[in-house]
Amino acid sequence: MILGQLAMGIFPYVPGLHGVLSGGTGGTNEARYCYSIWLRHLVHAHRSGLTPVPPAVVAELGPGDSLGVGIAALLSGPTRYHALDAVRYASPDANTRILNELVELFEQRADIPGDKEYPRVRPRLDSYRFPSSILSDELLSTSLAHERVRAISRAIENPNGAAEGNGQNPGRSGFLTYHAPWKDDNSPMTSSVDTVMSQSVLQNISDLRPVLSAMLKWLRPGGIMSHEIDLSAIGRAREWNGHWRYPALLWRLMRGRRPWFLSRRPHSAYLAMMTDTGFRVTLDLPVRRASVLRQQDLASEFRNMTDDDLTTCSVFVQAVRP
Ligand SMILES: C[S@@+](CC[C@H](N)C(=O)[O-])C[C@H]1O[C@@H](n2cnc3c(N)ncnc32)[C@H](O)[C@@H]1O
C-alpha cells in the first residue's frame, strides 16, 4: 500500500504531465498557452472593474518554462514585468521564440485559446473572442510598435539591467526583471506593482504567508493580485482529491528533495490566509467536482474538512491591497 502510494507520488500518471517529468513545469513553453493565460487574467480583472486595465507594472510568481505570460502582458501595454520563480527554468532562447509567436497572435487579434484547446485550464471565460474593448487598435499600435518590440527582445536577452528611457519605451532592460530563486530583500518593487499574478503556482508554496505578505508589499494601494490555484492531486493519487488521504510523513517522503511540491491546502485556507494578510478578496471563483472520498477516508489532519473544501478542485481568486 505504502509503496504503491509512493510510486504514485514519484510517477504522476496523468497525461499532460510529461513537461514535469522531463524537467519542465507545464504550459509556458507554448506561446498560445501564455497568450491565453494572460488574456484570461486580464479579462477577469477588467470585468471586476479594477483599474488600470491593462496595468502598467505586472509581477508574476512562478512563470515556469518561459516568461511568456509576462511577455504577453508587455505586448499589450504594461511597461514593466517582474518574474519571480523558485527555480530558473526560462531561457533567453525560449523567451525569444515565444515573443515572436506572441507578436503574431496579437497582430492577428487571435481569439483566446479556449476550452477545446486547453480543457483543463482555468479560469474559464464566457467568451474567448479577442478582447478588443480592452485592447483597442490604438493601444496595440503603440504597444506592438516595431521599436518597442525590439526593446522587449533586447530586455529578454539581458533582464535585470538598469532601466533607461521613458515609460513607454523603458530602454534596454527596463522592461523585464527575472529573479530565480527570488528573495524579498528591500525589493525595489515595493508599492509599485499594479497586478501580481500566478497560474498554477500557489498550491506549490508550502510557506505561503510570507509570500502573501511580500505580494501585499509590492502592490500599490488599490493594486490587485490574480491567482489560479489548482487544488487537486495533479496526478499524485488515483482520485482527483486523493492527495488528502496521505499521512503527513508519507507526503514528506513523496516530496523528497524537490524544490517545490503540492502543499495540499484546501480552498478555505487560501481565502483565510489572504484576508489575514490584509487583502480584500474581490473574486472567489471555485470549480466544484464530485468526490468519491468522504471525510473519514482522509488522513487525520484533513478529516475535519468541510464538504465545500472536499469538492473544490480549483479556484480563481482576485484580491485587492486596500
Ligand atoms: C506547475 S508550475 C506552473 C508554471 C507556469 N505558471 C504555468 O502556468 O505553466 C509551478 C511553478 O511555480 C514555481 N514555484 C514554486 N514555488 C515557488 C515560490 N515559492 N515562488 C515562486 N515560484 C514558485 C515553480 O518553480 C514553477 O515554475
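Counting convention: from 1, in listed order, for ligands and their atoms alike.
- Considering backbone and side-chain atoms together, G27 places an N or O closer than 3.5 Å to an N or O of ligand 1.
- Under the 6.0 Å distance and 45° angle rule, R264 does not count as a cation-pi partner of W244.
- A side-chain donor from one of S226 and Q318 sits under 3.5 Å from a side-chain acceptor of the other.
- Taking all heavy atoms of S200, A83, G64, S206 into account, the minimum distance to atom 3 (C) of ligand 1 is reached by S200.
- Nearest to atom 25 (O) of ligand 1 by heavy-atom distance, out of D85, I205, N29, is D85.
- Ion pair E239/R245 flagged as a salt bridge, since at least one NZ, NE, NH1 or NH2 atom sits closer than 4.0 Å to an Asp/Glu carboxylate oxygen.
- Nearest-residue assignment for atom 17 (C) of ligand 1 (options P259, A86, S198; heavy-atom criterion): A86.
- Checking only distances, W260 does come within under 3.5 Å of ligand 1, N or O to N or O.
- Residue V201 places no N or O, backbone or side chain, under 3.5 Å from any N or O of ligand 1.
- No cation-pi contact links R321 to F279, judged by a cut-off of 6.0 Å to the six-membered ring centre and 45° from its axis.
- Backbone and side-chain nitrogen or oxygen atoms of Y89 are examined, and none is located within less than 3.5 angstrom of a nitrogen or oxygen of ligand 1.
- Between W182 and W218, the two ring planes are perpendicular [angle over 60°; tilted spans 30° to 60°].
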